[in-house]
Amino acid sequence: MVVNRSYLSIMSMILTVILSAGRLTAFVLRSPSSLQQYSVRQKHQRIRRWHHFSAQASSDDVSSTTPSPLSQYLIYWRGEHKEGYSQSFRHWEFLSALSATIANANKGVEASDVFKQLERTTFTNAFFFDPFKRKSLEVPSLYQVGLYNEALQHISFPTDNNYYQYITTEVIANTTERCALIHSSYRVVATGMEYSTLVEKASESGAFDDMISKEIQQVYKSWSLRRHEYSFADDDNNPRFGKRTTRSPKKEQAALIQLKPLLIDFGGKVDLKNPDCHIYLLEGLRDNECVADVVSGGDELNKILCIKLASGAKHSIMAPNQRICVTNTPLCSISAYLLANIAMVRDNQTILDPFAGSGATLLASAIISPSVQTVGVEIATDEVVSRDDIRQDFVSRNLSQPTALLAGDAMDAAVRDKARKSTGGEAFDVILTDPPYGLREAFPGAEGVYDGSAALLELIDAMGQDRREGTPLLKRGGRLVAFYPCRQGQSIIELLPSQERLERAGLQLQDTREQRLNSGLSRWLLSFSCY
């Protein structure tokens, strides 16, 4: 009876595919609608940034756990609305968030140690679009081609590190859910040129063991299978580049029949709208080990069978237009998430923002890890930045309110001391901030213009002062992560704090990335560790 029900489910799904051909929502990986020119120099800079890092493996001992049967994953990245805003942060945010997730789940493991070993992770493009193959069409810009090819990537983790065994499907799913730059993540179950190969590999992997019928009374996961083809990108007869043309109900029907030996034993029902298990068949992509730009063999396309693990962070719930506290210069939700994830925010930490503004960094930290204690310092008065509204932004999202929202100047030693006392008198685990730059929030007695680079330098000097007096603002092993403005004509190298300044504060610069705001202004994300 189970087999018959499964057979009927598959046939029902095929019928639904045929009937709903014109209204199904496709899982689409497409290039942005607006074409933008991207210089060769900038392209090379991006490639260097995103290329996998090299790092020495540490020799820390960890307890043994069982990794997932097949440690291959795909990440579909969110697009960017304007060039240079988020693309270069993708790998950095993911690896930082993954390190924090592993540390959260394993007592005694330091996120910074995990990150050092994960820096050798490689990201391989699953798409390969060669614009020069489409001679009859206008060649897209290098920026558009690069954005398309890098939209979906395989992840290969170094297997010779001490933390590889902690990278499970659950860990990847939890990491995905806290990353603002990830659309969704997938576990690769099987790859091959033929459907029979997929069936064989998928059965051997055990990925669907919890869905296969064993007992009549058992409750099974509902499921759906969607097929998407990407060979159109190099099709000279296809008039559209990067449009919604990845699904063919007819081909999906044929694929379901070919995969019947695998699907026939599934005990759950087919649910195309809200299934427990989203299965995807992706054809015309490069697999993880493909070194040549070949995605087909004869009439067959390379096939990847995968399971969706999770969707990325719903950061839009804290977008400026969704917040109760409204200011003139709010930090966008993506940037707030970036600060928190790069800082590897994790459970039960204490978080300080010395230039809190509307509290975006604190809100993002609390959403990512609800058990954190957050403290904000803001010089503007309540008439300009309402502390009550900031608290309501937390309460309305069922989050614990900030431990303290202090009115005052973080450069004042007494204010910093009050901030420390609000969380028990100890130094903070993390300092996150987007210092004011350009026009500041206007209020009586305040200067209209404030140099953001000076603000961060003053903060570092204040940290040095506290350190000399034996009351450090940041714990050893803690993180200071901040944006740093750089205007046209300025050099970030010249603007960075001097080594002497950093040494007084006990800080070491770990990494930097540029985020372009407009033609005349960029801000750099700086990450420091405290020793």
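Residue numbers count from 1 along this sequence. Atoms considered below: every heavy atom in the structure, side chains included; atoms not considered: hydrogens, waters and symmetry mates. Because the structure is a prediction, the values reported are computed rather than measured.
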Measure from the side-chain N and O atoms of [X] to the backbone N and O of [Y], and report whether any donor-acceptor pair falls under 3.5 Å.
X: Asn125; Y: Phe127; value: no
X: Glu93; Y: Cys179; value: no
X: Arg513; Y: Ser88; value: yes
X: His183; Y: Ala151; value: no
X: Asp389; Y: Val326; value: no
X: Gln153; Y: Thr124; value: no
X: Thr121; Y: Leu118; value: yes
X: Asp429; Y: Thr350; value: yes

Evaluate the criterion side chain to side chain donor-acceptor pair (under 3.5 Å) for residue pair Ser498 and Glu500; output intermediate values, then yes/no. CA-CA 5 Å; Ser498 66; Glu500 181 181 1; 5.2 Å; no
Steps toward side chain to side chain donor-acceptor pair (under 3.5 Å) verdict (Thr101, Thr175): CA-CA 6 Å; Thr101 303; Thr175 300; 3.2 Å; yes
Measure across [X] and [Y] and return the closest heavy-atom pair with its distance rounded to 0.1 Å.
X: Arg468; Y: Arg504; answer: NH1-CD, 4.0 Å
X: Met344; Y: Ser96; answer: CG-O, 3.6 Å
X: Leu474; Y: Leu480; answer: CD2-N, 3.9 Å
X: Tyr337; Y: Ala180; answer: CB-CB, 3.6 Å
X: Tyr531; Y: Glu503; answer: OH-CA, 3.5 Å
X: Ile324; Y: Asp393; answer: N-OD1, 2.6 Å

So Tyr280 and Tyr186, would you call those rings parallel, tilted or perpendicular, with 30° and 60° as cut-offs? perpendicular
Are any non-hydrogen side-chain atoms of [X] and [Y] less than 4.5 angstrom apart?
X: Ile167; Y: Ile102; value: yes
X: Phe115; Y: Gln510; value: no
X: Leu74; Y: Leu152; value: yes
X: Asp409; Y: Val415; value: no
X: Asn341; Y: Arg178; value: yes
X: Arg90; Y: Phe123; value: no
X: Arg387; Y: Glu378; value: yes
X: Asp466; Y: Pro472; value: no

Are there over 12 heavy-atom neighbours, none belonging to [X], within less than 6.0 Å of that residue's [atom1]?
X: Glu170; atom1: CD; result: no
X: Lys418; atom1: NZ; result: no
X: Glu426; atom1: CD; result: no

In chain order, what residues pass the salt bridge (charged side-chain N to carboxylate O under 4.0 Å, His left out) check against Arg346, with sequence neighbours excluded? Glu110
The test is side-chain contact (heavy atoms from CB on, under 4.5 Å); show your working for Tyr163 and Phe157 and say whether it passes. CA-CA 10 Å; Tyr163 305 104; Phe157 297 106; over 6 Å; no
Rounded to the nearest 0.5 Å, how far apart are [atom1] of [X] and [atom2] of [Y]?
X: Leu502; Y: Ser529; atom1: CG; atom2: OG; answer: 10.0 Å
X: Ser335; Y: Phe89; atom1: OG; atom2: CZ; answer: 7.5 Å
X: Ile75; Y: Thr176; atom1: CD1; atom2: OG1; answer: 6.0 Å
X: Thr159; Y: Arg120; atom1: OG1; atom2: CZ; answer: 8.5 Å
X: Arg479; Y: Ile351; atom1: CZ; atom2: CD1; answer: 13.0 Å
X: Asn161; Y: Lys116; atom1: CG; atom2: NZ; answer: 13.5 Å

Please test Ser522 against Glu514 for side chain to side chain donor-acceptor pair (under 3.5 Å), starting from the C-alpha separation and ending with a verdict. CA-CA 7 Å; Ser522 290; Glu514 181 183 15; 2.7 Å; yes
Regarding Trp77 and Glu150, is there a side-chain donor-to-acceptor distance under 3.5 Å anywhere? no
Going through the checks in order, is the side-chain contact (heavy atoms from CB on, under 4.5 Å) test met by Ile172 and Arg187? CA-CA 9 Å; Ile172 296 295; Arg187 175 186 170 188; over 6 Å; no
Can Thr512 and Ile492 be said to form a side-chain contact (heavy atoms from CB on, under 4.5 Å), step by step? CA-CA 10 Å; Thr512 66; Ile492 186 61; 6.0 Å; no
Compute both the distance and the angle, then confirm whether Arg78 meets the cation-pi test with Phe94: under 6.0 Å from the six-membered ring centre, within 45 degrees of the axis.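 The answer is no; the distance or angle limit is not met.
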Donor-acceptor list for residues 358-369 side chains, cut-off 3.5 Å, not counting sequence neighbours:
residue	atom	partner	partner atom	Å
Ser358	OG	Arg323	NH2	3.3
Thr361	OG1	Asp353	OD2	2.6
Ser365	OG	Thr361	O	2.9
Ser369	OG	Asp347	N	3.2
Ser369	OG	Asp347	OD1	2.7

Please walk me through it: do Leu405 and Arg391 pass side-chain contact (heavy atoms from CB on, under 4.5 Å)? CA-CA 9 Å; Leu405 293 172; Arg391 292 187 181 94; 3.8 Å; yes
Mind listing the side-chain donor-acceptor pairs of residues 306-320 below 3.5 Å, one per line with the distance, residues two or more places apart or on another chain?
residue	atom	partner	partner atom	Å
Lys308	NZ	Ser311	OG	3.0
His315	ND1	Ser333	OG	2.8

